[in-house]
Amino acid sequence: MTYAVTAFFATIAISLAAPDKAAVMAKEQAAWQAFKDKNADGFKKVVHADFRGVYDEGVSDMQKELDDMKKWDMKSFTISDYNIVSVGTDTVMSTYKVVVEGTYDGKDASGTFNAGSVWKMAKGGWQAIFHTNVKQAAAER
């Protein structure tokens, strides 16, 4: 009986400490979808106000993300190879690939990107506090 009770409480502790991969991925999808749809209010629901991003063109904050959102004409995005790593009870890092089809400021910006985000539990839900992505180099032939 003691072993059963110990196992029960250990399972509860692990389930509370370990974030749900599907839940965090759903938030990641929601952030991308809001960005694609140019839905600033939806984006702000899943991205923290003090957000920072690092990209090949520079460092970004929430206002720059919202300004860049207007310059994008994203036709589609597809996330794959999604993984998370817990770095505490309220913070996770995600890594994944995302295939984007679209233009930025009228120029083709399509490609496959290696991406990563840091998510923090805030205001009762997961919010992105950091994001980066780097376009994959073309394979050598």
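For the single chain, residues carry numbers from 1 onward in sequence order. Only this structure's heavy atoms are used, side chains among them; waters, hydrogens and symmetry mates stay out.
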Just one of N133, T112, T78, N114 clears the side-chain hydrogen bond (donor to acceptor under 3.5 Å, both in side chains) bar with K97, so which one?
N114
Name all residues meeting the salt bridge (Lys or Arg N to Asp or Glu O under 4.0 Å) criterion together with D90; count only those two or more places apart in sequence or in a different chain, and write none if there are none.
K120
Going by the angle between their ring planes, with limits at 30° and 60°, are Y96 and Y82 parallel, tilted or perpendicular?
tilted
Pairwise side-chain contact, F113 with V99, heavy-atom cut-off 4.5 Å (strictly under):
no
Walk me through it: do D67 and K71 pass the test salt bridge (charged side-chain N to carboxylate O under 4.0 Å, His left out)?
CA-CA 7 Å; D67 292 344; K71 297 177 183 179; over 6 Å; no
Ignoring hydrogens and geometry beyond distance, is a side-chain donor-acceptor pair present between S60 and E65 at under 3.5 Å?
yes
Will you find, in the side chains of W126 and E28, an N or O donor that is under 3.5 Å from an N or O acceptor?
no
For the side chain of K38 and the backbone of M69, is there at least one donor-acceptor N/O pair under 3.5 Å apart?
yes
Evaluation steps, side-chain hydrogen bond (donor to acceptor under 3.5 Å, both in side chains), between Y104 and D73:
CA-CA 6 Å; Y104 175 78; D73 181 16; over 6 Å; no
So do the side chains of T91 and M121 get within less than 4.5 Å of each other, counting heavy atoms only?
no
Please check if the side chain of H131 supplies one atom and the backbone of G116 the other of a donor-acceptor pair under 3.5 Å.
yes
Check the orientation of F35 and W72. Use parallel for under 30°, tilted for 30 to 60°, and perpendicular for over 60°.
perpendicular
Assess the residue pair L66 and F43 against the criterion (side-chain contact (heavy atoms from CB on, under 4.5 Å)); give the C-alpha distance rounded to whole Å, side-chain angles, the decisive distance to 0.1 Å, and a yes or no.
CA-CA 9 Å; L66 296 175; F43 190 73; 4.0 Å; yes
Heavy-atom distance under 4.5 Å between the side chains of V47 and M62, does that happen here?
yes
Side chain of D108, backbone of S110: donor and acceptor closer than 3.5 Å?
yes
